[in-house]
Amino acid sequence: MEPTDIPKAYDPKEWEDRLYRKWEGSGFFNPDTCIEKGVTKEDAEPFSILMPPPNVTGVLHLGHAMENSIMDVVARYHRMRGERTLFLPGADHAAVATQSRVEKNLVASGMTNPRQELGRERLLEKIRTFADESKDTIKKQVRAMGSSCDWSRFAYTFDDARVLAVNTMFKKMYDDGLIYKGYRVVNWSVKGQSTCSDDELEHIERPATLYTFRYSKDFPIPVATTRPETKLGDTAVAVHPEDPRYRDLIGRIFEIEIGAAKPLSIRIIGDEEVDPSFGTGAVGVTPAHSQTDFDIRERHPEINLVQVIGTDGKMTADAGPTYAGLTALEAREKFVAALREKGLLEKEEDITQNVGTSDRFGDVIEVVPMEQWFVAVNREIPGRDKSLKDLMREAVTSGLGGDGNRRVSIQPERFEKVYLRWIDNLRDWCISRQIWWGHRIPVWYKKPTTDNRQLTTDEEGEIEIYCGVEAPEGEGWEQDPDTLDTWFSSGLWTFSTLGWPDAETNDFKTFHPVTFMQMGYEIVFFWMARMILMTTYALDTIPFKTVYIHGILRDKDGRKFSKSLGNGIDPIDIGKEYGTDALRLALLSDVSPGNDSRFSTEKMETSRNFVNKLWNISRYVATMSTASVETPVPKSLSDRYILGRLSHIVNETAGHLSESRFSLAIETIRSFTVDDFADWYVEIHKVEKNDAVLQYVFDALLRLWHPFLPFVTEAINETRGNGGLLMVTHWPDISEDMDIDTETAFNELRLLVTKIRNLRATYRIDPIRRLTGSLAAKGIDLSESYPAVERLARIEIATSFDGSSAELIISDRLSASISLEGIIDIDAERARLAKELTEAEKYAKSLEAKLGNPSFAERAPEAVVAQTRSLLDETNAKAEELRGHLSSISS
RNA sequence: GCGCGCUUAGCUCAGUUGGUUAGAGCACCUCGUUUACACCGAGGGGGUCCAAGGUUCGAAUCCUUGAGCGCGCACCA
């Protein structure tokens with residue numbers, strides 16, 4: 001493109017789609033192609049990133065946009081560093097989330113009970129269609145974000161390869177006795193007709209009544225509850241074993257007629273967990289409908305379990321004829337009324353309680369006893385002498401087996417503590433769900449037959465059980481109707497995407513453990529923990545080396561984005577309006593690891609303006625210079641300065657990126673681009689015209705920015721006719737390319753720049769345009785020499801300024817003496833100089849005091865002392881200069 | 001209750017291992033703008049870094065205590 005054809009403003013719409021197609025068409029998103037085409041060396045270090053697969057429940061939101069920005073910055077950076085980089089995309093079938101979404105849609109369109117009305121197969125078909133559509137939408141959106149992921153390796157948690165991995169893992173754990181079917185209390189969503197894990201609960205506060213009552217008039221201990229109806233299923237009262245009030249009662253059994261199907265048989269038991277100082281010091285134990293009470297029964301197997309609430313949320317026959325069939329709430333009112341009538345109710349008080357609700361279906365969870373599948377986290381793994389919990393702990397502390405190379409590094413570190421604490425509280429993981437959308441449990445049952453290949457029988461010897469990767473042969477087998485918790489398949493993500501269970505594939509050998517993962521902190525337990533569990537168990541290694549935890553994105557008022565608040569922002573819309581680069585920049589600026597950040601249109605404007613600035617720098621470079629890029633020869637101090645600075649910030653940026661300090665990396669490049677390059681060097685170039693350095697530095701800048709701003713940098717690269725794709729050019733490695741004493745140049749020129757900047761501040765003759773304007777008014781025509789004036793005035797004015805006029809020396813051709821009267825307000829100037837002088841003297845004094853302190857000289861590092869000393873010299877010199885100016889101005 | 005985080009300019013936030021006179025963006029004020037860029041430029045004002053103690057030659061940074069806000073986990077019946 002000819003320089004004159006380049007539009008003044010960057011228009012992302014003109015570029016983004018086409019550039020993405022160009023990248024994708026080049027094949028360079030695929031690391032194999034990079035090697036084939038010689039962009040990456042065969043023996044290059046592998047670098048892998050896995051996309052946390054978005055749920056196929058609809059469209060991506062800004063949080064996804066932020067994640068994609070983070071991952072793509074990392075991927076592009078490492079690809080440009082010449083590493084064998086794989087950024088693998090995917091999608092998650094998101095079992096409950098997707099099914100509940102589709103059911104909601106079906107209900108909205110007129111169905112009352114989709115599961116009944118459609119049946120398993122037809123409902124699954126509907127969900128599959130929906131999921132496929134979402135998957136396509138997601139792929140489009142990820143492309144729109146500019147993500148450089150390898151689409152040929154796209155993985156879906158519910159495709160054939162992943163099903164194989166899931167079944168293989170299930171069977172392995174089953175054979176090792178780590179997956180078991182057990183009768184335990186579980187969290188049950190009546191609305192969703194399914195279990196959910198502890199982590200899927202959302203606790204909400206709500207008002208409730210705490211009732212204190214006695215089972216009967218002569219029952220010795222009152223108990224309290226917020227769920228009186230469950231008391232129909234009480235089988236014990238627990239007290240602290242040392243509690244003098246109740247100690248003697250332990251072991252006694254009370255038979256109580258209270259309206260349940262059978263009289264309650266309440267045994268008084270002693271349990272250390274009971275807090276004698278709380279309430280009545282006694283707990284009515286309902287093993288069937290409380291997790292803690294069920295645990296008490298594990299310690300006291302002698303007590304019974306009576307289920308009084310069913311999976312339909314209604315009272316069971318065991319609750320007695322008065323209550324059976326009523327909802328829990330109806331039963332509560334009736335039961336409380338009965339207690340009151342019999343004079344058993346001693347106290348009612350209003351309290352607030354926390355209850356668990358299903359995060360997907362929204363209803364309050366009912367705790368019921370059921371037979372479900374569990375992963376045993378405390379059981380010893382055969383042949384390993386350790387439990388899953390142990391492995392999960394080791395993986396982030398000492399490293400697996402004490403091997404530091406097999407240790408997951410969590411950034412920021414504080415999430416380690418959060419994770420470890422969670423592990424301490426971890427119970428066996430309930431993995432079976434009664435919804436239909438998901439991996440079917442690979443277990444089949446049938447009555448005993450003579451065919452007993454690989455068969456095990458359950459305890460009662462009645463039903464044969466077969467667990468296998470594929471259905472067993474033979475007649476009469478019926479598969480377990482349940483499906484797996486969606487996190488079971490997500491837990492395998494780092495290796496199921498790379499070919500496992502075939503551990504010999506190139507991808508697996510090359511890219512596992514994954515180098516870099518990122519995720520929001522809200523998903524650490526769900527996902528990170530499960531990946532660590534699965535990988536350490538099955539592969540005896542860690543799933544990933546580094547995981548970067550980020551916060552959640554909030555709106556400009558600090559609220560979470562949510563549908564109900566109506567404050568959602570579609571990243572694609574905003575990307576279209578401001579440009580995807582601007583969006584990426586806005587999402588990564590000013591954020592620190594692990595902390596929430598806010599999003600606003602102001603940020604978008606700032607970012608868009610910056611992108612446009614970069615575009616216009618390129619216009620200058622294109623219009624003011626015709627030289628092609630070559631190894632630049634620094635000719636002046638300015639050249640050495642800019643090259644030295646460049647090399648400095650290249651290293652600094654690399655440091656930030658290697659530690660995932662995205663915001664600081666951006667700030668580093670941004671300030672170099674604006675403060676050093678655009679404001680300073682470009683102006684210098686107008687005089688010195690060292691095109692080679694200008695080109696060289698600008699091309700380096702483009703490459704530094706590319707990971708963050710892939711579109712505009714690639715677009716500029718195209719207009720510059722550099723040829724090739726910026727995406728696969730090497731990230732700048734200045735210290736190797738350039739033979740420059742950067743340290744010296746840097747120091748010399750920083751002094752010069754500082755001096756000039758001080759001059760600008762001191763004499764307020766910036767912009768120079770104003771000065772030349774004034775000169776013109778005085779009959780000095782400098783229009784032709786403008787650039788020279790602009791630059792030299794900055795320097796020369798300083799040395800010859802006497803307070804009221806200045807001697808301008810413009811190269812060796814032209815010099816002029818001008819009065820500064822009218823340009824500078826002399827009185828104001830005097831006041832300002834005096835103020836500055838006072839400040840400088842004060843500062844000098846404080847530095848002297850510091851240096852005079854013997855402890856400082858003794859203890860501070862030499863570099864700091866030297867720095868302080870030179871600082872003092874500089875300050876003294878500055879003060880002297882100010883004094884001179886002040887006296888000349890006064891005379 | 002236990003744990004974690006946050007508190008820095010009017011607003012939103014950076015500040016890696018303690019070390020130049022604490023930074024940015026936005027907002028505000030002044031000046032400028034046919035010149036790569038008004039999606040613009042040059043300047044400026046504005047901060048007892050939540051409080052109090054401590055460690056140190058030196059603290060926004062480390063320690064202790066407290067306050068306010070937010071979050072997570074567990075919930076005591």
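Throughout, protein chains are lettered first and strands after them, A, B, ... in sequence-line order, and every chain is numbered starting at 1. Model, not experiment: these values are computed from the prediction.
Using the Watson-Crick or G-U wobble rule with both distances under 3.5 Å, B:rA14 pairs with nothing in any strand shown. Pair check for B:rA22 finds none; no Watson-Crick or G-U wobble contact set falls under 3.5 Å. Pair assignment for B:rA60: none, as no Watson-Crick or G-U wobble contacts are both less than 3.5 Å. B:rG43 and B:rC29 make up a base pair, with Watson-Crick or G-U wobble contacts both under 3.5 Å. In a base pair of the Watson-Crick type (N1 to N3 plus N6-O4 or O6-N4) or a G-U wobble (N1-O2 and O6-N3), with each distance short of 3.5 Å, B:rU55 is matched with no nucleotide. Taking a pair to require two hydrogen-bonding distances under 3.5 Å in either a Watson-Crick or a G-U wobble arrangement, B:rU34 remains unpaired. Under the Watson-Crick or G-U wobble criterion, with both distances below 3.5 Å, B:rG1 is paired with B:rC73. Base pairing annotation: B:rC50 forms a Watson-Crick or G-U wobble pair with B:rG66, both donor-acceptor distances under 3.5 Å.
Rounded to the nearest 0.5 angstrom, A:Asp11 CG and A:Trp615 CH2 are separated by 9.0 Å. To the nearest 0.5 Å, the span separating CD1 on A:Ile552 from CD on A:Glu522 amounts to 6.5 Å. A:Lys13 NZ to A:Lys576 NZ: the interatomic distance, rounded to the nearest 0.5 Å, is 9.5 Å.
Picking from B:rC4, B:rC39, B:rC13 the nucleotide with the shortest atom distance to the side chain of A:Val418 gives B:rC4. For A:Thr292, whose side chain is taken as the heavy atoms from C-beta onward, the closest listed nucleotide among B:rA74, B:rG72, B:rC76 is B:rC76. The side chain of A:Leu664 sits closest to B:rA14 out of B:rA77, B:rG19, B:rA14. Comparing B:rA24, B:rC26, B:rG72 against the side chain of A:Glu667 picks out B:rA24 as the nearest. Which of B:rA77, B:rA36, B:rC26 sits closest to the side chain of A:Thr606 comes down to B:rC26. The A:Asp590 side chain lies nearest to B:rU12 when the options are B:rA36, B:rC40, B:rU12. Comparing B:rA77, B:rC4, B:rG72 by their closest approach to the side chain of A:Lys417 singles out B:rC4. Side-chain atoms of A:Ile617 lie closest to B:rA36 of the nucleotides B:rC37, B:rA36, B:rA77. For A:Arg414, taking side-chain heavy atoms from C-beta onward, the closest of the listed nucleotides B:rG19, B:rA77, B:rG5 is B:rG5. Taking only side-chain atoms of A:Arg421, from C-beta outward, the nucleotide of B:rC2, B:rU21, B:rC76 with the closest atom is B:rC2.
When only modelled atom types and interatomic distance are considered, A:Tyr521 and A:Asp596 share a side-chain donor-acceptor pair under 3.5 Å. One side chain, A:Ser197 or A:Glu200, offers a donor N or O that lies under 3.5 Å from an acceptor on the other.
Across B:rC11 and B:rG54, the matching C1' atoms stand 34 Å from one another, rounded to whole Å. Rounded to whole Å, the C1' atom of B:rA59 lies 6 Å from the corresponding atom of B:rG18. Comparing B:rU21 with B:rC40, their C1' atoms are spaced 31 Å from each other, to the whole Å. To the nearest whole angstrom, the two C1' atoms, one in B:rU61 and one in B:rC50, are 15 Å apart. Look at the C1' atom in both B:rC62 and B:rU56: the space between them is 10 Å, to the nearest Å. Rounded to whole Å, the P atom of B:rA42 lies 14 Å from the corresponding atom of B:rC37. Remark: the separation of the C1' atoms in B:rU7 and B:rG66 is 14 Å, to the nearest Å. With both ends at atom P, the span from B:rU34 to B:rC28 equals 23 Å, rounded to whole Å.
Within 4.0 Å of A:Arg670, counting heavy atoms only, lie sugar-phosphate atoms of the nucleic acid but no base atom. In this structure, A:Lys8 reaches the sugar-phosphate backbone alone: every heavy-atom distance under 4.0 Å involves primed, P, OP1 or OP2 atoms, never a base. Backbone-only contact: A:Asn595 has heavy atoms under 4.0 Å from sugar-phosphate atoms and none from a base. Using a 4.0 Å heavy-atom criterion, one finds that A:Thr226 contacts the sugar-phosphate atoms exclusively. When heavy atoms are screened at a 4.0 angstrom cut-off, A:Pro854 is found touching no nucleic acid atom at all. Counting non-hydrogen atoms under 4.0 angstrom, A:Arg598 reaches the backbone sugars and phosphates but no base. Within 4.0 Å of A:Arg608, counting heavy atoms only, lies at least one base atom of the nucleic acid. Among the atoms of the strands shown, none is found under 4.0 Å from any heavy atom of A:Val223. Note on A:Ala238: nothing from the nucleic acid sits closer than 4.0 angstrom, heavy atoms only.
As rounded to whole Å, 12 Å separates atom P of B:rA36 from atom CG of A:Leu694. Computed from coordinates, the A:Asp557 CG to B:rC26 P distance equals 20 Å when rounded to whole Å. The nearest whole Å value for the distance from the CG atom in A:Leu851 to the C1' atom in B:rU21 is 15 Å. Between the P atom of B:rG72 and the CZ atom of A:Phe415 lies a distance of 12 Å, rounded to the nearest Å. Distance, A:Glu413 CD to B:rG5 P: 12 Å, rounded to whole Å. Straight-line distance from the CZ atom of A:Phe599 to the C1' atom of B:rC26: 15 Å, rounded to whole Å. The interatomic distance linking A:Lys603 (NZ) with B:rC11 (C1') rounds to 12 Å, in whole Å. Atom CZ in A:Arg214 sits about 19 Å away from atom P in B:rA77, given to the nearest Å.
Residues A:Leu583 and A:Leu62 form a side-chain contact, since some pair of their non-hydrogen atoms from C-beta on lies under 4.5 Å apart. A:Val237 is not listed as a side-chain neighbour of A:Tyr246, based on a closest heavy-atom distance of 4.5 Å or more. At least one side-chain heavy atom of A:Asp295 sits under 4.5 Å from a side-chain heavy atom of A:Arg427.
Using a 4.0 Å cut-off, some side-chain N or O of A:Ser592 falls inside it from OP1 or OP2 of B:rA14. Residue A:Lys613 places at least one side-chain N or O closer than 4.0 Å to OP1 or OP2 of B:rG41. Contact annotation: A:His203 reaches the phosphate of B:rA74 (side-chain N/O to OP1 or OP2, under 4.0 Å). For the OP1/OP2 pair of B:rG58 and a distance below 4.0 Å, the side-chain nitrogens and oxygens of A:Asn853 include no atom meeting the criterion.
Using a 4.0 Å cut-off between a side-chain N of Lys or Arg and a carboxylate O of Asp or Glu, A:Glu667 and A:Arg670 qualify as a salt bridge. Here A:Arg598 does not pair with A:Asp590 in a salt bridge; the nearest charged N to carboxylate O distance is not below 4.0 Å.
Residues A:Leu847 and A:Thr280 both approach RNA chain B. Their nearest nucleotides, taken by heavy-atom distance, put A:Leu847 toward the 5′ side. In terms of position along RNA chain B, the nucleotide closest to A:Ser597 lies nearer the 5' end than the nucleotide closest to the other residue of the pair A:Ser597 and A:Pro861.
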